[in-house]
Each structure stands twice: as C-alpha cells, then as structure tokens.
Peer 1: 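Below are the structure tokens for one structure; questions will follow.
Chain letters run A, B, ... following the sequence lines, proteins first, then strands; residues in each count from 1. Bear in mind the structure is a predicted one, so any value in this text is a computation, not a measurement. Heavy-atom basis, side chains included; hydrogens, waters and symmetry copies ignored.
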Amino acid sequence: MSQTKQGPNDDRQMPRPPHLPPVAIWAIVLGMALIAAMVVFRVDTWGDRGSGLSPRFEFDVSELVAVDPNLVSHSETAQVPVGMQSVQAIAATSDGRFLVAGDRAVQIFQADGTMAQAFSVPDEPRCLAVAGDDHDFPGRIYVGLASRVEVFDASGQPIATWSEGLDQNTLLTSLAVFEDNVLAADAGNRVVVRWDATGRLLGTIGEPDAQRGIDGFVIPSEHFDIVVPTDGVLRVVNPGAQRIEAFTLDGSPLGHWGEASARIEGFFGCCNPSHLTVLADGRFVTSEKGLPRVKLYSPQGEFESVIAATALLTNRGGGPEIRDEHSSRTFGVAADSTGRVLVLDPNTRQVRIFEPLESGAVGDAG
Amino acid sequence: MADSAPKKDRRGFLNDALRTTSVIALAGAGGFLAGRRSEGEPMVWQLDPDQCIGCGHCATYCVLDVSAVKCVNCFDMCGFCDICTGYFEMNYLALDTAAENQLCPTGAIVRQFIEEKSGQRFYEYTIDVPLCIGCGKCVIGCALMNGSLYLQVEHDRCLDCNECAIAVACPTQAFHRIPASQAEILKRRAEAVLGARGRRMMREAGDDAQSYREGAELLERALTQRRWRQQQRSAPSVSSGSEGTARDA
C-alpha cells in the first residue's frame, strides 16, 4: 500500500485517508455528544443545583399535574385584583355581584369587577354568605369569624352577633343561606350549626349517630365547606372521607358521592375537596388543595370536566412549593347566576373569573 | 554605687513577694470570673422548617456518612390519615406497607393502625431514625396536605462543625445557630397548635398538677419559639457566632 506524498507548493487536494469515517458519521457523533451533554445538564443531580441523590429520591408530581386539554371546559376571562393583604372567602349574589372577605374587611364588587363598597369587620373573617331574595332579610351579609357570626345589612351596617350553639372549640369555616335558614360549618366541633333568620338556634347536623347512619365528619385540617343549592338539600364536604355528603335540613343523611384518588376524577390526598360551590343548573364546582385544581361535577356527582388545572393556578412547572409563606394555599370558589366560576386566588390576591369555552374549543391545561 | 543601695532584709523581701502574688492572684481570679460571665450559652445548628424546601442537600452535604438531619412528625399537626401523602407514593397501587407503595426510599416511616372512627381508619406515622437520611421527600409529600413532617438536626449525631457543610449548601439559608437549650425550631403552625394545646391543658387541668405542668411546658416551648422568631425579625443579620445564619458564619 503506497502513500501519496505532497510537496510544500503542491496545490493538489490531499486525499482523505481511507481510515477516517465520512463527514456524516462525524456529524452524527457530534450531534449525539451534544444531546448527551444536554441530557446530563438537565438531569444532573450531582451538579451545583443537584443534591447528589438518585432520581428515586425526587418528588415527581408531573403525571398528576398533567391534564388532557380536552377535559378542560372553561377558560379564564378576567382577573379582579383585591386590595387586601390576605384573602379568605368569596361569595356571589343573585344579581351578579360578588363579595370578598379578608384582612378585617369585606369588599363588594360589581359583576364587571369594579369595587362598589367595602366595610370593616371586627376580626379576621374566615367565611362569608349573602342572603338571597327568598330570605326574610334579602341582601343580608353573614360573616363568619373564628367562633361567631357577624350579621350586616346589605350596606355593611352591623346588625347582630350570633354565637348560640358555638363554643370555645368552634372554628367556623363556611356559611350557607337557604330561604330562612343560616348554616355554619364548625370544623372545631365537626358539625353544621343551623339558625333561623333571627339567629335562633334550630339544631346541629352531622353528629355521629349510628341509628341514623351518620358516621360523623373527619376533618384533618381547617377545611370544611357546605353549600345548599336550590333543591334545599345541604351538601357537606367530608374532607377526611374525600366525599360530599347530603343531608336534609333537619339532619337526615341522604347519601354521598366522591372518591379518594389522585386521578383527575377523584379527590387527591388525605383531605379534599377544600371548597365547594354550586352552579345555577345544580352542577357542583370543587376546589382541591395540595395539587390545586378546580373541577366540575354533575348534580349526581359524576366528574364532568376541569375548570382550572393545577399548572394554571400555580404557574409553576417544577415541583411543589412547600414553604408555608410561598405555597399555594386553598382556592375558594363561588358561582354567579350567569354561570361564571369565581376562583379566589390567595397567592395573587385576585378573583379569577372562568367562563365556559365555546363548543369545540380546547382549554388551557397549563 | 552598689554599696550605697539599701540592703533588703528577708522580711521585706517576703512582704514584697506576698503582695505581688496577691495582686496576680486577684487579677487572675477577676479575669477568670469575667471570662466566665462573658461566655455565652453553647450554640448548635438547627434547621428552620418554614424555610426548608426539601431539596435533598441535607442528605448529601453532611460530613457524616448518614446525615444528622432527620425527619420528625409533629403529631399535633398530623391528621393520622389513611391516605398519607408523606407515606404513600403519589401513584400508589394499594394502601398498604408494600415497598412499592411507600414514598420513603429507605423505608424510614413506620405506619401503625390506631383506630377506626367515623367510617375512616386512622394511622400513626413515626420515623425510624436510624433509617432516615434526611432527604426530605416525605416532607414535600406531607406539605401537600397538613405539613406535619419536617426536618430537624438531631443533636445527638450532629458534630456541630464551625462551618456546617449543609448550611453552606442550603439554597434557602434555612440553617441557624440557636441556643443549645432551645434545641429545636418549630414551624409557626406547630408553635400555634402546641401553644393552644398547652393553654387548653392548663385551663382544663383542675387539680391535676401533672397535667397543668405538662400544659405549662408546652406553652413555654411555644413561647420560646415565638421569642426566637421575634429576635430573628428584629436582627435578621446577626454576626457570626451568635444567632446568625449559615452565610453569616
């Protein structure tokens, strides 16, 4: 085998040695090296940002957070900032307005998001309800503090303080009004307290009673929501059982729906949903904590769709934020008479408004 | 000249020696006592769980083979839930103790049935300390719900290095020097529930002196935490050696 020799002034192109691979192979090798480098930088647990632990030690919720866009039925159409440091509760009125409680105040907004009025409350509010037209006192505003209910007229003037049936263990987490009944969820005593429109105690609902088939409520954290739709049946979230239970207003159990599951159809973790509301057509809207998501269920409790996916509510692509001061707390929900779903975002301190998508449109899964 | 200098007799010499020795002894004793007074309480490293993000650095940056940082469970915050997000994998196959269902890679959480009540089964979750490596995976899982699991430096194991390797690596500067008598840093929520339980125990103790004492101890534990947090707020960048953070040290 003879080798070609080339002098210093020889312009002839030097032939490629036969043992070198063609350019295409070099390009492939270079490409693979680049891809490998990118992979290493992306998943490297030993680099400056890594802990040095294997992926087995990583907490991965990406599968749970992922939502099929075809399941999303609503889109976010507006955001209404609330001028408070801390927002706690939201309620909607039959005329399209909505109220937000937080700090030591209640703010009332028009349907378009402009603030109509505000009034102060004597302590930090925890829950809120507004009387409808079928109430003895239409427009009355009931504000739940930790262990009492403050009653205001429609203009925000204080009328009364209710505490009958409540005690030092009381922790009010939700209020509901149906006709002349005012109901309060007492997470501390694990019961629902019922008054008439004058504040007279009518009884409690949900105390364990084997004869009536009532197991009682399991409330691992301070989330215990109630709602009374137009059918007059009280719906109570039993968060520790991951279900919604139905009662007549005199306390007889009627059944329950909901199941524990990390899948989109179920309620995630140890205690969910954290919030519940009902649309004018009788469908239920639930809000979950932990992996925040707002979902829609039929009046019978069958999963229908996702209103707001986790990624949309948390605006994070990474893992969960666990610090109390930075974490997504719970998202309160309310529904107005036009079908809009109002989500109270404690992180951005906004009311985020979701409306049904046009038919055929695909939603934002985050 | 030498002859003109007065000669010191033995008695004078002994008097001078005694005076000098007394002055030295007094000065030494004074210095010793002054030193004792200025010597502060021993300080130890501890992790503020409200600043912890469960990054996993505690497991790998500690100079010990197995980290001195361990998980603890604040039972006052725990829901004793059947479906514990700190114990079970997110996509668990069954609610049992099979390894594939457990979130903890080292199997360091012990799940024990307590009771069935209101149609639900309740379990107690405790940490098998020698197995825990302080990776914080369960801390993240638990934080999705009640957040009762959190990391703390275990002082029996910690070497109390001048420059804690974890503290230097901690991305949120969650490590602090605290008085050894304080020992722990509670979550703010834990401080609130412990204080509330302490007050309730004292209120309901009646003639039960032990119950009253236990309540008072709980309340004092909570108040110690409150005082420490107030100090942190008022002096956020205290210099090294006192109550500063890792970066200060």
Side-chain angles (χ1 to χ4, degrees), chain A residues 45-46 48-65 168-169 190 206 208 213-223 238-243 256 260-263 267-272 274 288-292 318-328, chain B residues 48-61 77-92 95 103-106 116-123 133-150 169 171-172 174 187-189 200 203:
Chain A
T45 58
W46 293 89
D48 288 342
R49 294 191 311 170
S51 64
L53 292 167
S54 81
R56 172 75 178 90
F57 290 80
E58 282 179 16
F59 191 87
D60 186 8
V61 292
S62 55
E63 270 185 44
L64 302 181
V65 169
Q168 59 190 13
N169 292 326
R190 297 175 170 81
I214 303 174
D215 287 334
F217 302 118
V218 181
I219 305 169
S221 57
E222 54 186 40
H223 302 294
N238 190 348
Q242 290 97 354
R243 66 191 190 197
H256 59 82
S261 170
R263 294 193 313 273
F267 298 126
F268 168 78
C270 73
C271 34
N272 262 320
S274 60
E288 288 171 61
K289 67 168 188 165
L291 297 176
E321 168 61 67
I322 66 170
R323 289 171 292 181
D324 284 350
E325 286 183 355
H326 298 75
S327 64
S328 311
Chain B
D48 180 358
D50 278 335
Q51 289 178 265
C52 173
I53 58 169
C55 64
H57 284 26
C58 290
T60 50
Y61 280 88
M77 291 171 69
C78 181
F80 296 85
C81 306
D82 186 6
I83 307 174
C84 172
T85 51
Y87 182 83
F88 288 111
E89 278 283 5
M90 293 294 99
N91 50 356
Y92 58 85
L95 293 174
L103 187 71
C104 179
T106 63
E116 185 159 349
K117 192 177 168 187
S118 299
Q120 298 297 307
R121 293 169 68 82
F122 292 88
Y123 292 83
I133 63 165
C135 69
K137 190 175 182 183
C138 63
V139 173
I140 301 176
C142 183
L144 293 179
M145 293 291 136
N146 282 6
S148 66
L149 294 174
Y150 58 89
T172 57
K187 279 189 167 185
R188 284 187 192 84
R189 285 192 290 143
R200 192 169 59 248
R203 196 170 56 235

Peer 1: Is there a side-chain contact between B/Met145 and B/Cys81 (heavy atoms, below 4.5 Å)?
Peer 2: no

Peer 1: Under a 4.5 Å heavy-atom cut-off, does chain A meet the side chain of B/Arg121, its backbone, both or neither?
Peer 2: neither

Peer 1: Non-hydrogen atoms of chain A under 4.5 Å away: do they reach the side chain of B/Leu103, the backbone, both or neither?
Peer 2: both

Peer 1: Quick one: which of B/Glu89, B/Met90, B/Gln51, B/Met77 has the most heavy-atom pairs under 4.5 Å with chain A, could you say?
Peer 2: B/Met90

Peer 1: Picking from B/Gly147, B/Gly141, B/Cys58, which has the most non-hydrogen pairs under 4.5 angstrom with chain A?
Peer 2: B/Gly141

Peer 1: Has B/Asp82 got a side-chain atom pairing as donor or acceptor with B/Gln120's backbone, closer than 3.5 angstrom?
Peer 2: no

Peer 1: Who wins among B/Gly79, B/Cys84, B/Cys135, B/Ala59 for the most heavy-atom pairs under 4.5 Å with chain A?
Peer 2: B/Cys135

Peer 1: Would the distance check show the side chain of A/Gln242 and the main-chain N or O of A/Ser261 forming a donor-acceptor pair, the cut-off being under 3.5 Å?
Peer 2: no

Peer 1: Side chain from CB out, backbone as N, CA, C, O: work out which of these in A/Asn272 comes under 4.5 Å of a heavy atom of chain B, or both, or neither.
Peer 2: side chain

Peer 1: Does B/Glu116 CD have over 12 foreign heavy atoms under 6.0 Å away?
Peer 2: yes

Peer 1: Of the backbone (N, CA, C, O) and the side chain (C-beta and beyond), which part of B/Tyr150 lies under 4.5 Å from a heavy atom of chain A, both, or neither?
Peer 2: neither

Peer 1: Could I get the full list of salt bridge (Lys or Arg N to Asp or Glu O under 4.0 Å) partners for B/Arg200, not counting sequence neighbours?
Peer 2: none

Peer 1: What part of A/Ala262 is in contact with chain B, defined as an atom under 4.5 angstrom from a non-hydrogen atom: side chain, backbone, both or neither?
Peer 2: side chain

Peer 1: Name each donor-acceptor pair under 3.5 Å that joins a side chain in residues 213-223 of chain A to protein atoms two or more places apart or in another chain, with its distance.
Peer 2:
residue, atom, partner, partner atom, Å
A/Ser221, OG, A/Lys289, NZ, 2.9
A/Glu222, OE2, A/Arg126, NH2, 3.4

Peer 1: At a heavy-atom separation under 4.5 Å, does B/Cys78 approach chain A through its side chain, its backbone, both, or neither?
Peer 2: neither

Peer 1: Mind ranking A/Gly269, A/Gly240, A/Ser274 by heavy-atom pairs under 4.5 Å with chain B and telling me who comes out on top?
Peer 2: A/Gly269

Peer 1: Please evaluate residues A/Arg243 and A/Phe267 with respect to the criterion side chain to side chain contact (heavy atoms under 4.5 Å, CB included), reporting the C-alpha separation (whole Å), side-chain torsions for both, the decisive distance (0.1 Å), and the verdict.
Peer 2: CA-CA 8 Å; A/Arg243 66 191 190 197; A/Phe267 298 126; 5.8 Å; no

